[in-house]
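A short worksheet on the structure shown next.
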Amino acid sequence: MPGDARPIGIFDSGVGGLTVYRALRARLPRESFIYLGDTARIPYGTRSPETVRRYAREDAAFLVGQGVKLIVIACNTASSLALELLQDECPAPVIGVIEPGARAAVAATRLGNIGVIGTEATIASAAYPRAILAIAPDLRVQARSCPLFVPLAEEGWATHPVTTAVAAEYLAPLRQAEVDTLVLGCTHYPVLAAAIQQAMGEGVTLVDSGACAAQEVAAALERQAACAPPDALPMVTRFFVTDAGERFRRVAELCLGEPVTRLETAQVEPSP
Ligand code: DGL
């Protein structure tokens, strides 16, 4: 089987998608990756659907220009609003994080009561409830946006008392609603998993949609016979940002626990 040694492209609004990159790399150690963080335009989660779609289209076009074989939309906001658009327009297959997360939540729920948290744009899009109810129409889904979680995660305050207090405040309605499974519907939330678990209680299953997407990518590559050849040596990951590379490098190295050696500035072209 010859395989396909071209890299997998991943994009996010910034550094948060590294949680998805980490899961992909752990699941697919022979693959090469190109990561684009649109650090000049983060956050996506507070923007209009039209703007998020435009940004996502430009990010995907950049990755296509780099010769990727498949695109992973690590950003939940962009996955919520732009997956179909990119699947229609891109010459490469495109995988988002919403459906994998929804499927995992449906598999995990014991009482049929699922909570979803994400950015304002992700929650307003109702993409997660739609995906969950498309699989299992009888389930109950409660959704809540948690906008302060992104800056708290970027600040590295995973276990800070402020984060504990914010998590308790945001998650109280979901706790009262007795959800038994909670989808972490944002790239940054796995970083705060301990605080979120504490606020929800030990009995609640947390679903990391980025990690679930890694399984989906592996399955898609196998289906398309597009896995890297068995003897392939993965290239060192190329990271691209649209601004503030040194900040990205600092946070990325903390998150990945290793040096980021190939970091470049991307020229993302405006879409027509
Ligand atoms: N990456 C975004 C997401 O997963 C969070 C950060 C942002 O708002 O851009 O929704």
Side-chain angles (χ1 to χ4, degrees), residues 9-24 35-60 63 71-83 86 94-102 104-105 115-131 143-158 163 166 170 182-193 196 206-214 216 239-244 247-248 251-252 255 266 268:
I10 307 168
F11 77 84
D12 179 47
S13 53
V15 85
L18 291 173
T19 56
V20 183
Y21 164 68
R22 217 170 35 192
L24 279 163
Y35 182 99
L36 170 65
D38 190 8
T39 43
R41 303 190 290 192
I42 190 174
Y44 284 12
T46 51
R47 302 198 191 269
S48 69
E50 296 71 33
T51 299
V52 173
R53 286 192 193 105
R54 178 159 57 83
Y55 290 175
R57 187 186 237 162
E58 294 166 5
D59 296 340
L63 290 173
I71 292 175
V72 181
I73 313 178
C75 178
N76 285 253
T77 305
S79 294
S80 299
L81 293 164
L83 177 66
L86 297 190
V94 183
I95 292 181
V97 291
I98 307 298
E99 284 189 9
V116 178
I117 52 176
T119 64
E120 287 167 274
T122 296
I123 298 306
S125 77
Y128 271 110
R130 242 190 342 268
R144 174 121 222 235
S145 64
C146 303
L148 290 174
F149 279 175
V150 167
L152 288 170
E154 295 240 337
E155 197 61 29
W157 284 12
T163 306
V166 170
Y170 276 148
L182 182 67
V183 180
L184 306 180
C186 173
T187 46
H188 289 61
Y189 298 178
V191 175
L192 307 181
I196 293 170
L206 303 186
V207 171
D208 176 348
S209 44
C212 302
E216 177 120 345
F239 291 96
F240 287 92
V241 291
T242 49
D243 194 19
R247 180 174 194 275
F248 179 92
V251 182
C255 167
V268 173

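Counting convention: from 1, in listed order, for ligands and their atoms alike.
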Which one of D12, T77, T51, D38 satisfies the side-chain hydrogen bond (donor to acceptor under 3.5 Å, both in side chains) criterion with Y44?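 Of all the options given, the one that passes is D38.
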For [atom], what's the nearest protein heavy-atom neighbour? Residue, atom name and distance, please.
{"atom": "atom 6 (C) of ligand 1", "result": "S13 OG, 3.6 Å"}
{"atom": "atom 10 (O) of ligand 1", "result": "T77 OG1, 2.6 Å"}
{"atom": "atom 8 (O) of ligand 1", "result": "G45 N, 2.8 Å"}

Parallel under 30°, tilted from 30 to 60°, perpendicular over 60°: which one fits the rings of Y21 and Y35?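 Plane angle over 60°, so perpendicular.
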Show the atoms of ligand 1 that are less than 4.0 angstrom away from any heavy atom in [X].
{"X": "P43", "result": "7 (C), 8 (O), 9 (O)"}
{"X": "I42", "result": "9 (O)"}
{"X": "D12", "result": "1 (N)"}

Nearest non-hydrogen contact with atom 4 (O) of ligand 1 belongs to which option: T187, T19, T119?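 The option holding the nearest heavy atom is T187.
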Test F149 against Y170 for ring-ring contact (aromatic ring centres under 6.0 Å, His included), laying out the working first. CA-CA 10 Å; F149 279 175; Y170 276 148; 5.3 Å; yes
Taking only Lys NZ, Arg NE, NH1 and NH2, and the carboxylate oxygens of Asp or Glu, determine whether R41 and D59 approach each other closer than 4.0 Å.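 Yes, R41 and D59 are salt-bridged.
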Is the shortest side-chain N to carboxylate O distance from E120 to R144 below 4.0 Å?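 The answer is no: the pair does not qualify as a salt bridge.
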Does atom CD of E99 have more than 12 heavy-atom neighbours, drawn from other residues, nucleotides or ligands, at distances under 6.0 Å?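 Open: at most 12 neighbouring heavy atoms sit under 6.0 Å from CD of E99.
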Heavy-atom contact check, 4.0 Å cutoff: does G16 meet ligand 1?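 Per 4.0 Å heavy-atom rule, G16 does not contact ligand 1.
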May I ask you to decide if A74's main-chain N or O and T187's side chain share a donor-acceptor pair within less than 3.5 Å?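 No; judged by distance alone, with no hydrogens or angles, the pair does not exist.
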Any nitrogen or oxygen of Y44, main chain or side chain, under 3.5 Å from a nitrogen or oxygen of ligand 1?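 Between Y44 and ligand 1 (N or O atoms, distance only) the closest approach is under 3.5 Å.
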